[in-house]
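Only one structure is covered here, and it is reproduced in the block below.
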Amino acid sequence: MKIATWNVNSIRARLSRVVPWLQEHSPDVVCLQETKVVDDQFPKELLEDQGYNIVVSGQKTYNGVAVLAQHQIENVITELPDGSDADDKEKRVMGCCVEDFMILNLYVPNGREVGHNHFYYKLEWMKRVRQLLEESYDPDEKVVVTGDFNITFDDRDVHDPERYHEKIHCSTPERDALRDLMSFGLHDGLRKFHEEGGIYTWWDYKTRGFSRDEGLRIDHFLMSQKALDACDSVWVDKKARDGKSPSDHAPVLATFR
DNA sequence: ATGGTTGGAGCCCAA
């Protein structure tokens, strides 16, 4: 079983990169974030032609998630438990089951800036994810929580820790929120295979940081013990971040025995 | 360089 996560930064703008990438890697499951399209305009047919079943949860302009799978996609969830803001219409979550995996695909709010309203929304949102795990997931099963977390674990995930010290994506409250989520019984899949720092999944368009490998690791594979035990590899496909019209995120792939 | 680029909207917002 090969599962991938990719913040594509618009599925319609990225089709010419996504379709050949599916052909190259043939992942069993792909969790997409920032699809940026309403459900009836999602370009399903081109992806179905590659052999995928597709479930989407999108909105106009912003956010949006989807799961593609070469197997049946069951028990789909697209809502978090209600937070303090009951009018929350942001499409950022897709839970589902594929084969013997319980999958949760997340696009965690960016947070904008430490102390900003969006920052506190992000922290509250993470608590609601924890609540969803408690309600609908079993830590004794093969659980994979993946997506764009917009949070680094520690300074190994940061190309310039001084510049990012207590800044957005790297602050102590965000990292604590991530640790709290993992206390459900989840582990950082990539670190099973790679202890070294300098592995990134996102590079800023604005500073053209990719050419100097100035990035952050903010896209993750969190795994229950059973999923971690079955996991063969976790790796970042930097090649997909290079070349013409890339997303600002690279895909991350995990394989399981 | 407190800047810069990208995508989707619609004459700016979010990342």
Side-chain angles (χ1 to χ4, degrees), chain A residues 5-19 21 31-44 46-47 56-66 85 87-94 105-126 129 146-152 157-171 173-175 177-178 200-220 236-252:
Chain A
T5 182
W6 196 359
N7 179 323
V8 289
N9 186 17
S10 170
I11 186 61
R12 288 177 294 178
R14 213 61 61 210
L15 270 181
S16 66
R17 297 296 304 256
V18 170
V19 170
W21 184 85
C31 296
L32 299 176
Q33 306 89 35
E34 279 208 88
T35 52
K36 292 187 172 179
V37 64
V38 293
D39 293 353
D40 60 10
Q41 288 178 41
F42 192 101
K44 278 187 170 178
L46 258 170
L47 302 173
V56 296
S57 178
Q59 64 184 92
K60 191 172 145 184
T61 313
Y62 306 118
N63 309 317
V65 289
D85 180 6
D87 294 327
D88 194 342
K89 295 290 186 288
E90 299 192 355
K91 302 300 187 187
R92 298 176 172 277
V93 174
M94 182 165 287
N105 175 21
L106 301 176
Y107 175 45
V108 178
N110 177 290
R112 293 199 190 181
E113 197 179 336
V114 175
H116 195 284
N117 282 346
H118 284 67
F119 177 76
Y120 298 111
Y121 173 68
K122 179 182 197 172
L123 299 179
E124 276 301 310
W125 197 91
M126 290 292 282
V129 175
T146 188
D148 176 3
F149 288 75
N150 273 313
I151 303 173
T152 56
D157 297 340
V158 185
H159 78 273
D160 186 347
E162 276 183 39
R163 191 179 116 200
Y164 276 91
H165 180 69
E166 292 299 335
K167 294 287 196 299
I168 196 68
H169 309 310
C170 304
S171 72
E174 290 167 279
R175 288 174 174 177
L178 187 52
Y200 310 128
T201 65
W202 171 86
W203 298 260
D204 201 340
Y205 283 135
K206 289 186 274 196
T207 54
R208 303 184 183 282
F210 185 73
S211 61
R212 296 177 301 281
D213 200 21
E214 295 176 356
L216 301 175
R217 186 171 73 105
I218 55 177
D219 303 84
H220 303 300
V236 180
D237 181 20
K238 280 181 73 176
K239 194 157 64 72
R241 177 62 178 81
D242 206 354
K244 187 173 158 55
S245 298
S247 168
D248 47 352
H249 294 252
V252 188

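All chains are named by letter (A, B, ...) in the order of the sequence lines, taking the proteins before the strands, and each is independently numbered beginning at 1.
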Considering the options A/Asp248, A/Asp157, A/Asp219, A/Asp237, which one meets the side-chain hydrogen bond (donor to acceptor under 3.5 Å, both in side chains) requirement together with A/Thr201?
->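 Between A/Thr201 and the candidates, side-chain hydrogen bond (donor to acceptor under 3.5 Å, both in side chains) is satisfied uniquely by A/Asp219.
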
Looking across every strand, which nucleic acid part, if any, lies under 4.0 Å from [X] by heavy atom: base, sugar-phosphate, or nothing?
X: A/Phe210; result: nothing
X: A/Arg241; result: nothing
X: A/Arg163; result: nothing
X: A/Thr61; result: sugar-phosphate

Ring centre gap for A/Phe149 and A/His169 strictly below 6.0 Å |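 That pair fails the under 6.0 Å test.
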
Using atom [atom1] of [X] as one end and atom [atom2] of [N] as the other, report the distance to the nearest whole Å.
X: A/Ile11; N: B/dT6; atom1: CD1; atom2: C1'; answer: 16 Å
X: A/Glu113; N: B/dA15; atom1: CD; atom2: P; answer: 13 Å
X: A/Asn7; N: B/dA14; atom1: CG; atom2: P; answer: 17 Å
X: A/Asn63; N: B/dA9; atom1: CG; atom2: P; answer: 13 Å
X: A/Asn110; N: B/dC13; atom1: CG; atom2: C1'; answer: 13 Å
X: A/Lys206; N: B/dC13; atom1: NZ; atom2: P; answer: 14 Å
X: A/Asp248; N: B/dA14; atom1: CG; atom2: C1'; answer: 11 Å
X: A/Leu216; N: B/dA15; atom1: CG; atom2: P; answer: 15 Å

Take atom [atom1] in [N] and the same atom in [M], then report the distance between them in whole Å.
N: B/dG4; M: B/dA15; atom1: C1'; answer: 13 Å
N: B/dT5; M: B/dA1; atom1: C1'; answer: 16 Å
N: B/dC13; M: B/dA9; atom1: P; answer: 16 Å
N: B/dA14; M: B/dG10; atom1: P; answer: 13 Å

With sequence neighbours excluded, what pairs up with A/Lys239 under the salt bridge (Lys or Arg N to Asp or Glu O under 4.0 Å) test?
->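 If we apply the salt bridge (Lys or Arg N to Asp or Glu O under 4.0 Å) test to A/Lys239, skipping adjacent residues, the hits are A/Glu24.
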
Salt bridge (Lys or Arg N to Asp or Glu O under 4.0 Å) against A/Glu113, all qualifying residues, sequence neighbours excluded =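 Residues passing salt bridge (Lys or Arg N to Asp or Glu O under 4.0 Å) with A/Glu113: none at all.
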
Quick one: is B/dA15 close enough that its OP1 or OP2 comes under 4.0 Å of any side-chain N or O from A/Arg112?
->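 Answer is yes, contact under 4.0 Å.
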
Hey, does the side chain of A/Arg92 come within less than 4.0 Å of B/dA15's phosphate (OP1/OP2), counting only N and O?
->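 Yes, such a contact exists.
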
Return the orientation label for the A/Trp21 and A/Trp6 ring planes: parallel under 30°, perpendicular over 60°, tilted otherwise.
->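 It falls in the tilted class, 30° to 60°.
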
More 5' along DNA chain B: A/Tyr62 or A/Ser245, using each one's nearest nucleotide?
->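 The answer here is A/Ser245.
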
Comparing A/Thr35 and A/Pro109 on DNA chain B - which has the more 5′ nearest nucleotide |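 On the 5' side of the pair lies A/Thr35.
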
For atom CD of A/Glu162, decide whether the heavy atoms of other residues, nucleotides or ligands shown that lie under 6.0 angstrom number more than 12.
->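 No.
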
Look at the side chain of A/Ala13 and decide which nucleotide, out of B/dG7, B/dA9, B/dT6, has an atom nearest to it.
->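 Closest nucleotide to the A/Ala13 side chain: B/dG7.
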
